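Here is how names work: the chains are called A, B, and so on, in the same order as the sequence lines, proteins then strands, and each is numbered from 1. Given the structure is predicted, the values throughout are model-derived calculations rather than measurements.
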Amino acid sequence: MSEGTIAWLLVSSALVLFMTPGLALFYGGMVRSKNVLNMLMKNFFTISIVTVVWTLVGYTLAFGTDIGGIIGGFDFLGLRGVEGDALLFMVFQMMFAIITPALISGAVAERMKFSAWVLFTTLWALLVYPVVAHWGFAADGWLFAWGVRDFAGGLVVHINAGIAALALVFALGPRKGFGAEVMRPHSLPLTLLGTGILWFGWFGFNAGSALAADGIAINAFVTTQIAASVAALGWVVAEWLRNGKPTTLGAASGAVAGLVAITPGAGFVSPLSAMAIGLIAGFVCFWAVSLKFRFGYDDSLDVVGVHLAGGIVGSVLLGVFAQSSINAFVPDGLLFGGAGFFLKQVAAVAVVIVFTFVATYLLARIVKAITGLRVDDNQETEGLDISLHEERGYVLAE
Amino acid sequence: MSEGTIAWLLVSSALVLFMTPGLALFYGGMVRSKNVLNMLMKNFFTISIVTVVWTLVGYTLAFGTDIGGIIGGFDFLGLRGVEGDALLFMVFQMMFAIITPALISGAVAERMKFSAWVLFTTLWALLVYPVVAHWGFAADGWLFAWGVRDFAGGLVVHINAGIAALALVFALGPRKGFGAEVMRPHSLPLTLLGTGILWFGWFGFNAGSALAADGIAINAFVTTQIAASVAALGWVVAEWLRNGKPTTLGAASGAVAGLVAITPGAGFVSPLSAMAIGLIAGFVCFWAVSLKFRFGYDDSLDVVGVHLAGGIVGSVLLGVFAQSSINAFVPDGLLFGGAGFFLKQVAAVAVVIVFTFVATYLLARIVKAITGLRVDDNQETEGLDISLHEERGYVLAE
Amino acid sequence: MSEGTIAWLLVSSALVLFMTPGLALFYGGMVRSKNVLNMLMKNFFTISIVTVVWTLVGYTLAFGTDIGGIIGGFDFLGLRGVEGDALLFMVFQMMFAIITPALISGAVAERMKFSAWVLFTTLWALLVYPVVAHWGFAADGWLFAWGVRDFAGGLVVHINAGIAALALVFALGPRKGFGAEVMRPHSLPLTLLGTGILWFGWFGFNAGSALAADGIAINAFVTTQIAASVAALGWVVAEWLRNGKPTTLGAASGAVAGLVAITPGAGFVSPLSAMAIGLIAGFVCFWAVSLKFRFGYDDSLDVVGVHLAGGIVGSVLLGVFAQSSINAFVPDGLLFGGAGFFLKQVAAVAVVIVFTFVATYLLARIVKAITGLRVDDNQETEGLDISLHEERGYVLAE
Amino acid sequence: MKLVIAYIKPFKLDQVKDELRSQGVAGMSVSEIRGFGRQLGQTEVYRGAEYRVEFVPKIRIEVVVDDDAVDRVVASVEAAARTGEIGDGKIVVVPIDQVVRIRTGERGAEAL
Amino acid sequence: MKLVIAYIKPFKLDQVKDELRSQGVAGMSVSEIRGFGRQLGQTEVYRGAEYRVEFVPKIRIEVVVDDDAVDRVVASVEAAARTGEIGDGKIVVVPIDQVVRIRTGERGAEAL
Amino acid sequence: MKLVIAYIKPFKLDQVKDELRSQGVAGMSVSEIRGFGRQLGQTEVYRGAEYRVEFVPKIRIEVVVDDDAVDRVVASVEAAARTGEIGDGKIVVVPIDQVVRIRTGERGAEAL
Ligand SMILES: Nc1ncnc2c1ncn2[C@@H]1O[C@H](COP(=O)(O)OP(=O)(O)O)[C@@H](O)[C@H]1O
Ligand SMILES: Nc1ncnc2c1ncn2[C@@H]1O[C@H](COP(=O)(O)OP(=O)(O)O)[C@@H](O)[C@H]1O
Ligand SMILES: Nc1ncnc2c1ncn2[C@@H]1O[C@H](COP(=O)(O)OP(=O)(O)O)[C@@H](O)[C@H]1O
């Protein structure tokens, strides 16, 4: 790699790592103040866990020599022989492996045990993420080889995390008072700060996925900016019309929805297509977060509504808006005459949803058997910060 | 462009985008807690609005084929034909187009309607910013062609935003209780965090404006660091002497004043000149923020005092300290024998002040006629967060 | 330098600068709410002070033409002749000179006068830091020339700051109520945010210290990520076993301990060695922070426990894990057959500890004679924010 | 002497304070509380779903007054705090045995 | 009429409120306080060191009730707030001279 | 029995608490309030402009005591909270009908 590309990928890796603390704040602001530290801690600790898992085993499972299109072999166990450019690729990919399970934590906020989270994340980072990453990102992974495209992780990161969140919510059950009491974000400024960091980091996520400092990276950068902006616009306009007030939480959620939706196509679609994708994502995700009330699952911080829905929108719309003239590594989408690619994208979405839902639900049952999944009722009422960590988020008067 | 330059400009673009959330926090911490979300929201939403405006029309108005030195033509409408390096330049410039109106929002804090802000920003980003950007940044823009220099936006960003803020404040009137009640920042830690992010992002803003990873970028980086530091020092020393206590708000304001003042000259002056510019900016802006009490205009968060005053200081002092030996694209300043350049800088400051003041005031009247500018008295007392967004910034006990 | 390397070092410099606001928040969250602004202010103001000192004198003392291995000469006074690549190196090193004294501020939190801090930092940045930097970083500095290695500042930054903190704590005495009252962090979310920023910035700190966008930078990046993660893991597991609860403050402290410990060896050891270093650092620093209770010195925010202890662990373990196959600029460590290097590392640790302790203690006495070191009892009870700055951190209800 | 306690709407605090001062009341103590009454809370929309929030933010004022000032003080608070809408709050008058001014040790009416 | 003041454990607030409502109590006012009593604070571990924290977070409830309802109300709070463990808190009954509903100017029992 | 209420300067809380404990007072309840009195607020400088801030942060203490302890308790608070400067605050003594210890159901002096 050239020094310019190394520089860009080092920066991109740092940016993607920075997204996880950003996500911690984004989620941390949305819970009630008695659970803020637990929320932050679950995210920070996920960095630790996944870094170890990925270094030792995860990377080789995802990117080791392909075994039947399904999984990588053990050649890079403990990073054996991974040096130079490969080491850079390894660490860039590590940051994706970190944030994906971290995303899940928002759905199970305010009630899942910390010990259960530690065990769950370890297993999921070991058994689920590398498999889907191999399918979607590795050159010989069967989805990729079949022709499915996922520029920066619509399938591998967002749909994967979103559907895992749903499975885990089913295993865990809702918070006490879900649906009856309003559980307002305790600090929207924290959430907005998190949004800012996520947006900033996402440039590394998407434009870094070009794996070079080139025109594709530039295109991905621009589409990312546009989709995030337009989706925030779409969400806020939708709620303004429907509920009468534009909210900051809506703007933040919309921006993230747009970032999610452009992820699979950032380097494959034009800036104007990104505008369309963002707008659709803003509307769809606004509507999708309301489903939890209709169907009664407590996706606490809207991981399903934003990441699963946004990931589906983005992966499917890539099948519509992809342009081989933008990037020769993608076939044309529906709009430019390529129906086959569109169908493959839809199929891939379905495959990942089924696989990850089943695998995650099984893991959740295993974890439940070992550590239990939920804190008890008193702990939930008292808050997880005191009951699990013996700490309080804020000690403003003393 | 080389990969190294692409890498640097991608990073710089991300850094400049990150400044707007940073600004949101900087301003958000300074308002009373009942208005924090509205302040954050106005800034975040400005990202969305300007991204759309710039993509569709703004960029071509600023950088399309020149029409009489006044404005760009429609050749790049909807980014038609803007690809590769041009696309990178487009998105880097987009970030400047975003933060400029965002800066204005601080002056009208705690009383301007959200709907009015949305309409105002849209019109301003469409009709005012691209014009001034064309004059100052485009190769054929009349100010640039005439010999005026503005390295990273002293005229185009800071004076432009600062004088627009003044015009809007005139149209809007002061907050209830202005001058009589103390309206203390509700969270200076948030403001300091914002300062940190702004400082960090400003390296992209100034050093990125070299449009290459070269010696000019290095020079701009160093002068930025020095001017910010020294201006904070100057401001704090001034208030320590005058009011008896050094304040964190003074340090934060001083740093921003220094960053503003070095912006027009970052790549044109030497590090030691930057020290002089920073010191002068620290003193001048410390004094300038007190003018609002003397003249009774409610520039709530000191946009005029910091950005207009700092921008003038910087643009005029560029005429003093510019060195063609630092950068061949600038003539020597007064101190190095070039009186002509100095006068052009002064003239340019006057031109932008007059143009933008008039244009902004007219826009404000138009917006007033359509949506009204201010919330009503009860909403202002209750706070904009509840009354406009039905959200509260902090829900610490529940 | 190539454009790629310039790009990388510009970014790295920005990242390292960003660490100081990150540190301000990290520390700011840990003090009681009545002292948060003073804590932030001490850090921000350190940026200003050191930038001036370094520009005018510090840089040439550290990196000017060597005088007997002890100190640099005056050739670069006021940056005379420092241009282009040298200017870039100067500013990158400036960021290290800034954060080192800033680190000290945590140990003396909640009681040291602001004026005393200003004077102390000025003197320390002028008389202590450049000396140790010359010894460890300059090609002719005697420690470096003797064969000691310090990749990114284990000796120069962390041991230096940590032992200076101890000396200053001795001169200053403990806070009122130390040991008797619990003095809980007033905002752990702020501390976690600071941790995130520090972690992010540390990539510039360590991987930037390769001074090129090359394989060494990549290696340093990866070891940084691994050591931070594993140390957080180690610390949390240790406290979970010992105190029964995993804490967010433990995770944050552990991550920083790991970052500190990998700093001297980031570009010299393998990723798996980084895992060992991180784990040891996590355990050792967890134990080291408890020493202040045993020996009764009030190292308020654990600067000694984390930076001194972590710095020693890292510098000594570099003597164990260094691999010339990773980086030809380092001899092999103990584990790879090189005992001599190990002993030199141990000796260097001792030398810096003795020199800096004595020098700092003397400076502290001088400062005490001039401004006094501590606020008076009433000011300490009332809080430094009101008594020194006439500001309050939070005004949540008004 | 009496202790007059009033629970009022937060945005009425300024008016009540000004009114009391103009009545010559020398001091008062104010805290933030959450109130629950006939107002029966508020309806809030969050993420598109509607919720009933039972406790509404209120301000609690305490004023110690001399016996002959009680009626005037109660009337002042009443007038200043009234909007006529539900949730305006209550005033309670509590008899007290003694008041002490800490600074001087004065007792009774002197201490006010 | 009486003013009933209760200091209770924070997590008991919901139960106490529900119980009072089911007793027909029309309103109440709630604030957060720090309490100190026989419970003698709590032991907290911070950075591995143990500390005694003397003040424990509690909730303070005020309810104005008619004379004949006092016993019922006290009994309700007692029942709902009791855990049987140290730190359950106290109930105090204070006689009052007058209550006023600000909105309507009603006085006495009418005002409740 | 009596309810003693004191409004004091925040930094005096520790001293008052220690004094009361040494007097054998078994419990107390503390909250943060904003006070307004002869002190007439404080002058604050912000951005170089001077402002008068009318409300000053104070601490409110409530202690339930037996009749025979009232004078001692009032005297203790007086002594511990006095600085002699304006703003030291007030102590109010309110008669009460009943005290209940929630944990045990004890009533009256037993309940303290
Ligand atoms: N019985 C009561 N005891 C204590 N506080 C009460 C009582 N009734 C009302 N309050 C306080 O007065 C506030 C307003 O009472 P509410 O019944 O809503 O209004 P209104 O008096 O206009 O009918 C409540 O929020 C509460 O703080
Ligand atoms: N004498 C008192 N005066 C005022 N408040 C009291 C008094 N005694 C107890 N309290 C309040 O009641 C709370 C619980 O009291 P405590 O003595 O700990 O429990 P218990 O009544 O179960 O022995 C205290 O935290 C305090 O808020
Ligand atoms: N009449 C009153 N009713 C209720 N609280 C009062 C009254 N007068 C004073 N206070 C409380 O006592 C505090 C101190 O009173 P102030 O008059 O400033 O001091 P001093 O008693 O030393 O003259 C006030 O801030 C307020 O909280």
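Using a distance-only test at 3.5 Å, with no hydrogens or angles considered, a donor-acceptor pair links the side chain of E:Asp67 to the main chain of E:Met1. A donor-acceptor pair is defined here as one N or O able to donate and one able to accept, closer than 3.5 Å; no such pair exists between the side chain of F:Lys90 and the backbone of F:Ile5. E:Lys12 contributes no side-chain N or O that, together with a main-chain N or O of E:Val77, makes up a donor-acceptor pair within less than 3.5 Å.
With a 4.5 angstrom heavy-atom cutoff, F:Val30 touches chain E via backbone and side-chain atoms both. Only the side chain of F:Glu62 comes within contact range of chain E, with at least one heavy atom under 4.5 Å from a heavy atom of that chain. Heavy-atom distances place no part of E:Leu3 under 4.5 Å from chain F, backbone and side chain included. Residue E:Val92 touches chain F through both its backbone and its side chain, counting heavy-atom pairs closer than 4.5 Å. For F:Val99, the parts lying under 4.5 angstrom from a heavy atom of chain E are both the backbone and the side chain. Using a 4.5 Å cut-off between heavy atoms, F:Leu13 touches chain E through its side chain atoms alone.
Among residues two or more places apart in sequence or in another chain, the side chain to side chain contact (heavy atoms under 4.5 Å, CB included) test is passed with F:Arg82 by D:Ile102, F:Glu78, F:Asp88. Taking E:Glu44 as the reference, A:Arg392, C:Arg184 meet the side chain to side chain donor-acceptor pair (under 3.5 Å) condition, with sequence neighbours excluded.
In this structure, E:Arg21 does not pair ionically with E:Asp18, as no charged nitrogen and carboxylate oxygen lie closer than 4.0 Å.
Between chain E and the options F:Val100, F:Val25, F:Ile96, heavy-atom pairs under 4.5 Å are most frequent for F:Val100.
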